[in-house]
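What follows is one structure encoded as structure tokens, with my remarks underneath.
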Protein chains: 2
Amino acid sequence: MDQNSLPPIQTTARDDAVLKALVGFVRAEALQPGERLPTERILAERLKVSRNTVREALTRWEGLGLVERRQGSGTYLKAAVSHDMLHMPLTLAGGNDFTSLMQTMEIRRALEAEAAALCAERASQADIAEIARKLDIMEQAFRTRDGMSSEEDWEFHQAIYRASGNPLFEQIIAAMYELFHRFWEHPLGVRDFGHASFPYHRTIYECIAARDPQGARAEALKLIATVEDDLKRGAAKLKLSSQT
Amino acid sequence: MDQNSLPPIQTTARDDAVLKALVGFVRAEALQPGERLPTERILAERLKVSRNTVREALTRWEGLGLVERRQGSGTYLKAAVSHDMLHMPLTLAGGNDFTSLMQTMEIRRALEAEAAALCAERASQADIAEIARKLDIMEQAFRTRDGMSSEEDWEFHQAIYRASGNPLFEQIIAAMYELFHRFWEHPLGVRDFGHASFPYHRTIYECIAARDPQGARAEALKLIATVEDDLKRGAAKLKLSSQT
DNA sequence: GTGGTCCAATGGTCCAACCAATTTCTGCAC
DNA sequence: GTGCAGAAATTGGTTGGACCATTGGACCAC
């Protein structure tokens, strides 16, 4: 027997219902991220549910980063919502350590290579021009600020993800990017971090412009490899210095 | 001045405090996934907070997939927890349509290939044995039920993700698996779906057992390609049949 | 053993009140 | 009128208590 032919029935799902209604409200009012949504008390009254139920529902959304609550002020929309959202709560055991960072790098390696290849296949001329523009900005920042170009670097990669024709690449890697930021804030001894990866940005671009998916994939892999090397060197240095 | 040296004081963070205490409890009691944690009422009493506060905290964890609540039964641990977890809630706007499905397939292609390669590098003998076991189960189910082996198929892939040594692979693909399920529920006309991908499961396994990362990657890519083909055929068929 | 009934435990919901942070309004000094 | 301190209203955060719905086990009749 197919187990899927007899799904469990849902008798109670109050908070889910609240969120569904809220999606409808946001769409009807055309609320944009940053705008305030109704008071908890008002929602409770309008939806004919307890304020507690409203709060549990909003707690869910807050945990997903869709909404932000400010005591005394209100609840604010933080991202676009729709009725067919797919939630992927990723939990990394062991936050700031080296292992977690390398694990995210492995994910990024897989996605970055695929995105570069797809980009080489699909990018429009406008996309390619945009990537070239970001590359120029990055290279200039790199030279004037002597290697500190993480922001421009990030925008270059984002342009590639966008041109891949698949928004999931950008969303997934963007979620992980915050992890990297935390790490950067607490520098780990490698002063010239990112220097080694610099030349590969241009080679990736050239492969994309030449419509060479395999080449783009290969260059992207090389780029990630240099970053991983930097990380490993940093970790080794850190380990050494802590052995006082 | 380093802003981090002067963190804002926390006058209210009751639910966070509850979760922190809960992490301590789980560690002290050495609770494993699947075990039941204390009643909401007991937690409220022990931690000297309201039951509502406990509930909001647990709602957070439930949203992160760390815990599962069953009315009338209790609250159960679903994953390992630690004090330094990092959460990356990722919500995708995608829907049920064919485009979304193909986009998730592109992500899966990237991750599946990388996971297979890493697995071939790192899997222990026990891991490989486990994968072989899942493969046998899957192949038997395939033969006896004539191709309907999606559940066993999924477990085979999960075993590979686990043996990759990087839990993120399993988490990300597991989240996307739910999207596929949504799709399977509304079948799309391809009766022999998955048949074509069947032989590649064994070739992937053989590459892993032979410690051949490049081979494993190539076979994984072939497998995904057949699935994508099936999807495209299904979509074409659907399109045709709806042109009445 | 099978099926039914009861009952205690547990999560889900509700209510009414109060606390704490924020925003807005008010009124006074100038 | 302007500016600013303080009051008042608004809003999310917390509390305690109550009741409902589901679960799972104990017990019983057959």
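Each chain gets a letter, A, B and so on, in the order its sequence line appears, and its residues count up from 1. Note that these values count all heavy atoms, side chains included, but never hydrogens, waters or copies made by symmetry. Source: prediction; values computed, not measured.
- Using a cutoff of 4.0 Å between basic side-chain nitrogens and carboxylate oxygens, A:E40 and A:R69 are scored as salt-bridged.
- Between A:R41 and A:E45, no side-chain nitrogen of the basic residue sits less than 4.0 Å from a carboxylate oxygen of the acidic one, so the salt-bridge criterion is not met.
- DNA chain C lies under 4.0 Å from no heavy atom of any residue of residues 17-34 of chain A.
- The two atoms that bring A:L77 and A:L31 nearest to each other are CD2-O, 3.9 Å, heavy atoms only.
- Contacts between residues 43-64 of chain A and DNA chain D, counted as heavy-atom distances below 4.0 Å, involve A:R51, A:R55.
- Contact annotation: the side chain of A:M102 approaches that of A:E228 to within less than 4.5 Å [non-hydrogen atoms, C-beta and beyond].
- In this structure the side chain of B:R109 reaches within 4.5 angstrom of the side chain of A:L118, judged on heavy atoms.
- Of the charged side-chain nitrogens involved, none lies within less than 4.0 Å of a carboxylate oxygen, so that A:D15 and A:R55 do not count as a salt-bridged pair.
- Contact annotation: side chain of B:R41 to base of C:dG11, donor-acceptor pair present below 3.5 Å.
- One can place CD1 of A:I42 at 13 Å from C1' of D:dG12, the figure rounded to the nearest angstrom.
- Inter-axis angle, ends of the helix from C:dG1-D:dC30 to C:dC30-D:dG1, five pairs per end, rounded to 10 degrees: 10°.
- Counting to the nearest Å, the P atom of D:dG25 and the CZ atom of B:R36 are 11 Å from each other.
- The side chain of B:D15 sits closest to D:dT14 out of D:dG13, D:dT14, C:dT13.
- Proximity of A:R69 to the phosphate of C:dA21: no side-chain N or O atom is located under 4.0 Å from OP1 or OP2.
- B:Y76 has its OH atom 10 Å from the P atom of C:dT10, to the nearest Å.
- Taking side-chain N and O atoms only, A:T75 has a distance below 4.0 Å to OP1 or OP2 of D:dG12.
- Close to C:dT10, at under 4.0 Å from its OP1 or OP2, lies no side-chain N or O of B:R70.
- Within the structure, every side-chain polar atom (N or O) of B:S73 is placed at least 4.0 Å from both OP1 and OP2 of C:dT10.
- No side-chain heavy atom of B:S197 sits less than 4.5 Å from a side-chain heavy atom of B:D230.
- Salt bridge absent: A:E68 and A:K78 never bring a charged side-chain N and a carboxylate O closer than 4.0 Å.
- Across the protein-nucleic acid pair, A:Q71 atom CD and C:dA21 atom C1' stand 5 Å apart, rounded to whole Å.
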